[in-house]
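Encoded as structure tokens, the structure appears first; notes follow it.
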Amino acid sequence: GEITTADSVAQLRVIRDGGRFEQVTVPFEVELAGREDLSPAMGGIVFAAEEGFEILQLEAIMDGIPELDEMFNITLLPPPTLGRLANINTVATITILSNQDPSGVLEIFLSNNASAVSVEEGVQYVEIEVRRSFGSQGEVSVAIATIEGTAMAPQGDVMALATIQLIETV
């Protein structure tokens with residue numbers, strides 16, 4: 001079927017070809033792995049007499065779990081009474097795009113929850129804590145730098161750079 005999306009709703013255009021003399025209901029179901037992610041997960045598409053197509057709308061359920069892209073199949077099943085399915089185009093795939101920052105939300109904190117810190121070059125160091133909350137999928141690199149004009153040395157402004165690598169947690 002043809003798939004279009006708007007916001008968190010996928011629309012599948014289901015076409016009835018051939019005889020259109022009576023009402024017919026075509027069952028559908030979302031594969032087992034996607035039944036908590038798409039609604040409705042199963043049901044029937046009702047074609048009235050003379051009706052040539054229907055739109056099946058499936059909504060992605062916001063579950064609060066950070067996730068990468070997920071793909072689920074929606075299958076048309078044989079009608080229990082009238083009609084039959086074509087030999088092709090009875091399965092559609094819907095992709096739910098990654099959501100809610102699957103790699104996590106990163107925050108940087110200075111020691112003792114300070115908003116700024118002053119250190120003496122070569123004598124002291126700055127301790128920075130990077131917290132990763134929510135999603136923890138994949139590796140993330142965080143580049144940090146001092147703000148221009150804030151790191152001073154005898155030679156003038158110095159741009160201090162660093163990279164922190166956060167490894168996937170299980």
Side-chain angles (χ1 to χ4, degrees), residues 1-110 128-145 147 159 161-170:
E2 179 182 314
I3 300 175
T4 58
T5 59
D7 300 316
S8 60
V9 176
Q11 296 184 335
L12 286 74
R13 184 175 183 180
V14 182
I15 299 171
R16 178 183 187 182
D17 195 16
R20 298 181 186 176
F21 302 110
E22 296 185 44
Q23 177 177 304
V24 67
T25 300
V26 179
F28 73 91
E29 67 181 14
V30 174
E31 70 177 275
L32 187 60
R35 291 187 183 169
E36 292 184 10
D37 292 288
L38 292 170
S39 178
M42 58 182 57
I45 305 162
V46 179
F47 289 90
E50 300 300 319
E51 195 168 37
F53 73 91
E54 273 293 326
I55 302 295
L56 172 59
Q57 292 192 30
L58 297 168
E59 183 175 0
I61 299 169
M62 293 297 290
D63 55 12
I65 300 170
E67 299 167 310
L68 297 173
D69 289 0
E70 296 177 290
M71 295 174 66
F72 301 113
N73 289 331
I74 293 80
T75 304
L76 298 178
L77 303 171
T81 55
L82 301 170
R84 66 178 177 82
L85 294 178
N87 293 328
I88 57 171
N89 297 331
T90 59
V91 177
T93 302
I94 293 179
T95 301
I96 300 176
L97 300 178
S98 63
N99 61 10
Q100 300 166 337
D101 303 308
S103 296
V105 175
L106 305 171
E107 296 177 273
I108 298 175
F109 297 91
L110 294 171
I128 297 173
E129 179 181 348
V130 178
R131 294 183 192 160
R132 183 181 192 179
S133 55
F134 304 109
S136 59
Q137 297 178 8
E139 296 181 5
V140 177
S141 293
V142 179
I144 60 172
I147 299 172
M159 189 67 126
L161 301 172
T163 299
I164 301 169
Q165 182 100 16
L166 298 175
I167 306 301
E168 182 172 3
T169 59
V170 179

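Please read these numbers as outputs of a predicted model, since none were measured by experiment.
The line from CG of Leu12 to CD of Gln57 is 10.0 Å long, rounded to the nearest 0.5 Å. Atom CD1 of residue Ile74 and atom OG1 of residue Thr90 lie 12.0 Å apart, to the nearest 0.5 angstrom.
The side-chain contact (heavy atoms from CB on, under 4.5 Å) check on Glu22 picks up Leu82, with sequence neighbours excluded.
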Please list, one pair per line, the donor and acceptor atoms closer than 3.5 Å that link side chains of residues 26-50 to other protein atoms, with sequence neighbours excluded.
{"residue": "Glu29", "atom": "OE1", "partner": "Arg35", "partner atom": "NH2", "Å": "3.4"}
{"residue": "Glu31", "atom": "OE2", "partner": "Asn73", "partner atom": "N", "Å": "2.6"}
{"residue": "Arg35", "atom": "NE", "partner": "Val30", "partner atom": "O", "Å": "2.7"}
{"residue": "Arg35", "atom": "NH2", "partner": "Val30", "partner atom": "O", "Å": "3.3"}

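Using a 4.5 Å heavy-atom threshold, the side chains of Val14 and Leu76 count as touching.
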